[in-house]
Asks: 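Below is one structure. I have some questions about it.
Read the numbers this way: they start at 1 and go in the same order the structure lists the ligands and their atoms. Values below: all heavy atoms of this structure, side chains included; hydrogens, waters and symmetry mates excluded.
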Amino acid sequence: MRTPSLAAIVVLLIAGSLFVLVAIGGGSRSAPAPASSSAPPAPAVSANGFALTSTAIELPDDAATYPPGPHADLVNQRCLSCHSASMGLAQPKLTAAQWQATVEKMRDTYKAPIGPGDVPAIVDYFTTLQGTAATPAQ
Ligand code: HEC
């Protein structure tokens, strides 16, 4: 029996590859429905018996920054790198001493970049915001 020539092997390999590509390519994919001007489009993609549809989600509101007040800029600089403002805003009314302990915990335990001079200003911000500034320190 005659051995196949190199050219014949190459042609067979190319033809085989093309056949596989066409077979797995499908070719019956439908494009997403075009957006209509009246109703919002319901994006859906279907192929080979599978249908993928998009859905909308609404994330809860979250304060991006701390509200204005004395030293608000400092607080926004020091307190937004790890968690949102709601972490501080959701606290119950705390005394100055309790705020100081919280700020020191952020600094000492979690390594928040807070200088020693920043602590009284940050405490002042929160106690002013909560109306607890007059509470005598313990
Ligand atoms: C380096 C990261 C980091 C920074 C910066 C940071 N925090 Fe936190 N904070 C944390 C972590 C982590 C927790 C979660 C602690 C827990 O779940 O017990 C937390 C929790 C809190 C809580 C919830 C109560 C508590 O004691 O756990 C408050 C209030 C708070 N942070 C305020 C602040 C304030 C005010 C600042 C700025 C002075 C600040 N954080 C900056 C990491 C940080």
Asks: Asn76 side chain to Ala72 main-chain N or O, any donor-acceptor pair under 3.5 Å?
Replies: yes
Asks: Keeping the roles fixed (side chain from Asp118, backbone from Gly115), state whether a donor-acceptor pair exists under 3.5 Å.
Replies: yes
Asks: Between Thr95 (side chain only) and Gln98 (backbone N and O only), is there a donor and an acceptor less than 3.5 Å apart?
Replies: yes
Asks: Identify, with sequence neighbours excluded, every residue that meets side-chain hydrogen bond (donor to acceptor under 3.5 Å, both in side chains) alongside Thr65.
Replies: none
Asks: Under 2.8 Å from atom 8 (Fe) of ligand 1, which protein N, O or S atoms do you find? Ignore water molecules.
Replies: His83 NE2, Met106 SD
Asks: Quick one: does Gln130's side chain have a donor or acceptor within less than 3.5 Å of a partner on Thr127's backbone?
Replies: no
Asks: Is any side-chain heavy atom of Cys79 less than 4.5 Å from a side-chain heavy atom of Tyr66?
Replies: yes
Asks: Is there side-chain contact between Ile122 and Gln100, with at least one heavy-atom pair below 4.5 Å?
Replies: no
Asks: In ligand 1, which numbered atoms sit nearer than 4.0 Å to a non-hydrogen atom of Gln91?
Replies: 23 (C), 24 (C), 29 (C)
Asks: Would you say that Thr53 contacts Ser46 through its side chain, given a criterion of any heavy-atom pair below 4.5 Å between the two side chains?
Replies: no
Asks: Within ligand 1, which atoms have a heavy atom of Ser81 less than 4.0 Å away?
Replies: 5 (C)
Asks: Is atom 31 (N) of ligand 1 near the protein, in the sense that some protein heavy atom lies at less than 4.0 Å from it?
Replies: yes
Asks: What are the atoms of ligand 1, with element, lying closer than 4.0 Å to any heavy atom of Ile114?
Replies: 38 (C)
Asks: Considering only heavy atoms of Phe126, which atoms of ligand 1 have at least one such atom less than 4.0 Å away?
Replies: 35 (C)
